[in-house]
Amino acid sequence: MHPEVQQDHPGACPKCGMDLEPMSPAADDDDDDAEARELGRKALIAGILTIPILTLAFDSMIPGMSFDRFLSPRAQGWLELAFATPVILWAGSLFFIRGWRSILNRSLNMFTLIMLGVGAAYGYSVVAVLFPHLFPDSFRHGGEVQLYFEAGAVITTLILFGQWMESRARRQTGQAIKGLLDLAAKTAHRLDDEGKEQDVAVEELQSGDRIRVRPGEKIPIDGLIEEGKSTIDESMITGEPAAVKKKAGDKVIGATVNQTGSFVMKADAVGEDTVLSQIVKMVADAQRSRAPIQKLADQVAGYFVPAVVAIAVITFAVWMIWGPAPAMSYAIVNALAVLIIACPCALGLATPMSIMVGVGKGAQNGILIRNAEAIERAEKVTHLITDKTGTLTAGKPRVVSIQPADGTDEADLLLLVAAVEHQSEHPLARAVVNRAQENELSLPSVEDFESVTGGGVQATVDGAVIRVGKRGFIEDAGIKIEPALAETAEKLQEEAKTVIWAAKGETLLGLLAIADPVKETSREAIDALHALGITVVMCTGDNSRTAEAVARELGIDEVHAEVSPEDKQRIVNGLKAKGHVVAMAGDGINDAPALAAADVGIAMGTGTDVAIESAGITLVKGDLRGIVGGLRISRSVMRNIRQNLFFAFIYNAAGVPIAAGVLFPFFGVLLNPMIAGAAMSLSSVSVVLNALRLRRLSLQ
């Protein structure tokens, strides 16, 4: 449960004693359940051996079951010792090993208390069987020294059973990662230099290998199509059910499913560089990260165990001095009960279990959370700043109108603008280039391409400088805008269309209007955000009329248009300065500074790597509803953690005094160590089960 503790083999954490989790679990790891199986085997054998111990210890309480007629008390003691020794020293050996390590590492934990409690009960009883003459009369009851083999054996068995249940439940939290790994193909048809196929394991593929993919097969690795075409089901990555058409030159992603055609691809990213591997790594890292709220539990646990040991010593002394006869028996029983019931395992599990389940739930729904800190911050978000293009809109704009200036031909306008925009990766630039390709225009070469942030682009075509961008970008170059075209542009912008202007040298060429349809899910998502109490702010580099039109359609609370990347960052910092907790959603390089400045950065997975690296949460599907899901996960996880911590604190606060015997003077009630052991195990299991409830969380 301490992610800073790392080693190259399985084992126990030297700080908390819990089993370390694999950093990169394998989908087909046959040993993954070895821990749970071993714990289950030991718990079963311990349980079988504990039955005769209980029978011998409590035979007088069962009518007709007394063994006194044919077994002396001493013989019964030897039988209990024989049955209890394998239970405590073999089945329960891991408690003693981890407890001793906790002392050597000066990191007292739950196993310290188990070792002390069970060890004291067993050790005292062994001495009582081997050397009964050493004990004075005050230690005897009915002339015999009281034995506690049954307490040690039952406690060991119950805790083993609880650890087994906990181990099985913890394994379920890794199902999200295993589910992702199971999506990957196992083999590939690699082509040699002569074009002959050879089936090889995916792990053997190298960057540059040529691979054939047939219909119905999973694409084995990330790469580019070299020959052929097909339609591919990419729902695993994008969440979109409709198959995507792919042709030569298009990128394909490993683990997606080829549907109709056969093609040859060239491997690009292999091993840990593939999209799927990066997703798995992000999920695994997030599950092992620690939320700031965990510091509270760590601080409490740091003082808690020494305090419990002190309380157990005081309990023993008080009962020994002032307790009723037999005082020694009462002192031992109550001190053991304090040590056993106070085990802080529930406290240690409270935060990491909820984080692991919450992150896994997000991954299964295309919401990749970078770390636990992002979950904790996201819960407090009051304002969401979102980009327009690709976030609120589909990000697939198309040219809907071409308006040339006087003296300019429409085809020439489109040709020159497309030639310059061909060098840009902006979605609007792609729309212009696509329109030129549809019109079968042959684009001329360009020189001296330059992108002006927040303005536009320019390049030299056939010796003339071509400028493409916002109206201000054109006017700053001293180029006059025709009034008729300006009026046309205003009407187009009021219809939520984006207008880009073009000029050649000192002459205006005209404008192009581009429409980027609003995503069908955006209105639903914004309504859901409002229901969560989130104020939605749109920041876009687009003009104010287009931005206002989109905002009216979607019901957005606040709009900032024609902003630069620096402006977006400034708006984020301004809201934070007013005490708001800000989330920023975007998908482009220009969004990266604001994503990094926000309390929670949310990157659309369809966007750039820079944006994704700057964000705390990444939406694989690129759907704004994922933001709603991410916020719901954060709120549910934090609520779940607080429930777990409350149960753990209340449990120990109430259990320790009762175990110490504070109710005995008033009600004659004492807590048997065996009952304390059962309660301690159930407290851990209850925390785990409470965390697993997050798997049923609805994100819609």
Side-chain angles (χ1 to χ4, degrees), residues 291-293 295-296 358 362 367 369-392 454 522-542 544 547-548 550-552 554-588 590-604 607 611-619 623-639 641-642 699:
I293 197 173
K295 294 179 181 178
L296 172 63
I367 303 167
I369 301 169
R370 183 173 296 277
N371 51 44
E373 187 176 356
I375 291 180
E376 188 162 341
R377 288 201 307 259
E379 181 206 20
K380 302 178 178 66
V381 166
T382 60
H383 286 64
L384 171 68
I385 299 177
T386 176
D387 187 28
K388 179 178 73 68
T389 304
T391 304
L392 295 172
S522 291
R523 178 70 200 215
E524 175 189 344
I526 289 174
D527 289 344
L529 289 167
H530 286 155
L532 292 174
I534 307 295
T535 300
V536 182
V537 181
M538 182 171 72
C539 288
T540 177
D542 211 338
S544 58
E548 290 287 353
V550 173
R552 284 194 302 272
L554 295 177
I556 291 174
D557 302 297
E558 187 178 329
V559 179
H560 297 272
E562 300 182 38
V563 296
S564 65
E566 293 77 13
D567 291 332
K568 292 182 180 181
Q569 188 175 12
R570 176 181 52 78
I571 292 168
V572 169
N573 291 332
L575 287 171
K576 289 172 64 177
K578 294 178 181 178
H580 300 302
V581 179
V582 182
M584 169 71 193
D587 66 345
N590 62 325
D591 297 321
L595 287 169
D599 294 290
V600 181
I602 303 173
M604 299 304 195
I612 293 172
E613 286 298 320
S614 303
I617 298 175
T618 299
L619 307 181
D623 190 332
L624 200 64
R625 289 179 300 180
I627 297 177
V628 179
L631 295 177
R632 284 179 175 159
I633 286 176
S634 70
R635 295 186 180 190
S636 298
V637 166
M638 295 309 299
R639 183 167 57 250
I641 288 174
R642 292 189 183 96
L699 302 185

So do [Y] and [X] actually touch side chain to side chain, heavy atoms under 4.5 Å?
| X | Y | result |
| --- | --- | --- |
| E524 | R625 | yes |
| I534 | V381 | yes |
| I602 | M584 | no |
| M538 | D387 | no |
| T535 | T382 | no |
| E562 | S544 | yes |
| I385 | I571 | yes |
| H560 | T540 | no |

State whether a side-chain donor-acceptor pair under 3.5 Å links D599 with H580.
-> no
Starting at [atom1] of [X], measure out to [atom2] of [Y] and round the result to the nearest 0.5 Å.
| X | Y | atom1 | atom2 | result |
| --- | --- | --- | --- | --- |
| L529 | I627 | CG | CD1 | 6.5 Å |
| K568 | N573 | NZ | CG | 14.5 Å |
| E548 | R552 | CD | CZ | 6.5 Å |
| S634 | K380 | OG | NZ | 9.0 Å |
| E379 | I633 | CD | CD1 | 13.5 Å |
| K578 | L575 | NZ | CG | 6.0 Å |

Answer yes or no: is there a donor N or O on one side and an acceptor on the other, between the side chain of [X] and the main chain of [Y], under 3.5 Å?
| X | Y | answer |
| --- | --- | --- |
| R642 | V637 | no |
| K388 | V550 | no |
| S522 | L392 | yes |

Show your working on side chain to side chain contact (heavy atoms under 4.5 Å, CB included) between E558 and V536 and close with a plain yes or no.
-> CA-CA 7 Å; E558 187 178 329; V536 182; over 6 Å; no
Work out which heavy atom in [X] is nearest to a heavy atom in [Y]; give both atom names and the distance.
| X | Y | value |
| --- | --- | --- |
| L631 | A378 | CD2-O, 3.6 Å |
| V559 | A551 | CG2-CB, 3.2 Å |
| A598 | A583 | CB-C, 4.4 Å |

Side chain to side chain contact (heavy atoms under 4.5 Å, CB included) between I375 and M638, intermediate numbers included | CA-CA 8 Å; I375 291 180; M638 295 309 299; 4.2 Å; yes
Partner of I526 under side-chain contact (heavy atoms from CB on, under 4.5 Å), picked from L624, L384, D557, T386, is L624
